[in-house]
Amino acid sequence: MVLYRSLTVGLLGACLYFLLKLSMYAPEPYRESVAAQSASPVTVIDVAPGLDIRLVPSLVHLAPGERITAVADRPVANDLAAGAAIVEQFIEDGTARYIDITVDSAAGARRVLVLMH
């Protein structure tokens, strides 16, 4: 009986010791990384089925000072050429499901993803 009590007290003491040691290693609070803060924002435009493809460029809204610089990683000269490239991308490849558009401004670049159903 004395052996059983000694083992029980010893195991209880070991458990308390490890619990105290474990509480010293509390996890640090979550902090956003610098890389996550500097990532360029992405805008997703979901286009309903049956929408006329020629209307897709009008769905891409630009803030003052922004301009489209690339459509599907192909550089474009101006916004008119960008609209034509967007429509051409969908017409040229009838199975196109998305278009990746790069929008540039003085504040930096952002991406616009147009999804077709």
Side-chain angles (χ1 to χ4, degrees):
M1 187 73 162
V2 174
L3 180 62
Y4 177 72
R5 286 183 186 166
S6 297
L7 283 173
T8 305
V9 170
L11 287 175
L12 180 62
C15 288
L16 288 174
Y17 173 77
F18 286 120
L19 281 175
L20 289 174
K21 281 291 193 182
L22 185 64
S23 66
M24 291 174 46
Y25 299 108
E28 293 183 21
Y30 175 75
R31 294 184 188 137
E32 277 190 47
S33 66
V34 175
Q37 292 174 353
S38 65
S40 63
V42 175
T43 304
V44 177
I45 300 172
D46 193 13
V47 179
L51 182 74
D52 188 12
I53 293 174
R54 293 173 290 180
L55 296 176
V56 172
S58 67
L59 298 175
V60 180
H61 297 286
L62 300 175
E66 287 185 333
R67 70 178 213 87
I68 297 175
T69 57
V71 174
D73 292 330
R74 290 187 209 138
V76 292
N78 54 31
D79 290 338
L80 185 61
I86 292 170
V87 172
E88 180 182 307
Q89 185 74 24
F90 280 121
I91 292 174
E92 171 182 296
D93 182 16
T95 61
R97 298 308 226 176
Y98 69 92
I99 293 180
D100 182 25
I101 300 170
T102 305
V103 178
D104 201 11
S105 69
R110 68 181 176 103
R111 305 298 282 250
V112 177
L113 182 65
V114 180
L115 299 174
M116 292 286 288
H117 292 278

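Bear in mind the structure is a predicted one, so any value in this text is a computation, not a measurement. Position 1 is the first residue of the sequence, and the numbers go up from there.
Remark: Leu3 CG to Thr8 OG1 distance equals 9.0 Å, nearest 0.5 Å. With rounding to the nearest 0.5 angstrom, the CZ atom of Arg67 is 10.5 Å from the CG atom of Leu62. Here the CD1-CD1 distance, from Ile101 to Ile45, works out to 6.5 Å after rounding to the nearest 0.5 Å. If you take CG on Leu113 and CG on Asp46, they are separated by 9.5 Å, rounding to the nearest 0.5 Å. Atom OG1 of Thr69 is separated from atom CG of Asp79 by 10.0 Å, given to the nearest 0.5 angstrom. Remark: Leu51 CG to Ser58 OG distance equals 7.5 Å, nearest 0.5 Å.
Using a 4.5 Å heavy-atom threshold, the side chains of Val114 and Leu59 count as separate.
When all heavy atoms of Pro57 and Gly83 are compared, the closest pair comes out as CG-O, 3.6 Å. In terms of heavy-atom proximity, Val71 sits nearest to Ala82 at CG2-O, 3.9 Å. Considering all non-hydrogen atoms of both residues, Arg54 and Val87 come closest at CA-CG2, 4.0 Å. The two residues Val76 and Ala81 make their nearest non-hydrogen contact at CG1-O, 4.3 Å. Taking every heavy atom of both residues into account, His61 and Arg110 meet most closely at O-NH2, 3.2 Å.
In the hydrophobic clustering of this structure, Val112 groups with Leu55; members are Ile, Leu, Val, Met, Phe, Trp, Tyr whose side-chain heavy atoms approach within less than 4.5 Å, directly or through other members. Both Val44 and Tyr98 are members of a single hydrophobic cluster when ILVMFWY side chains are connected at heavy-atom separations under 4.5 Å.
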Subject >> From CA spacing to verdict: side chain to side chain contact (heavy atoms under 4.5 Å, CB included), Thr43, Arg111 >> reply: CA-CA 6 Å; Thr43 304; Arg111 305 298 282 250; over 6 Å; no

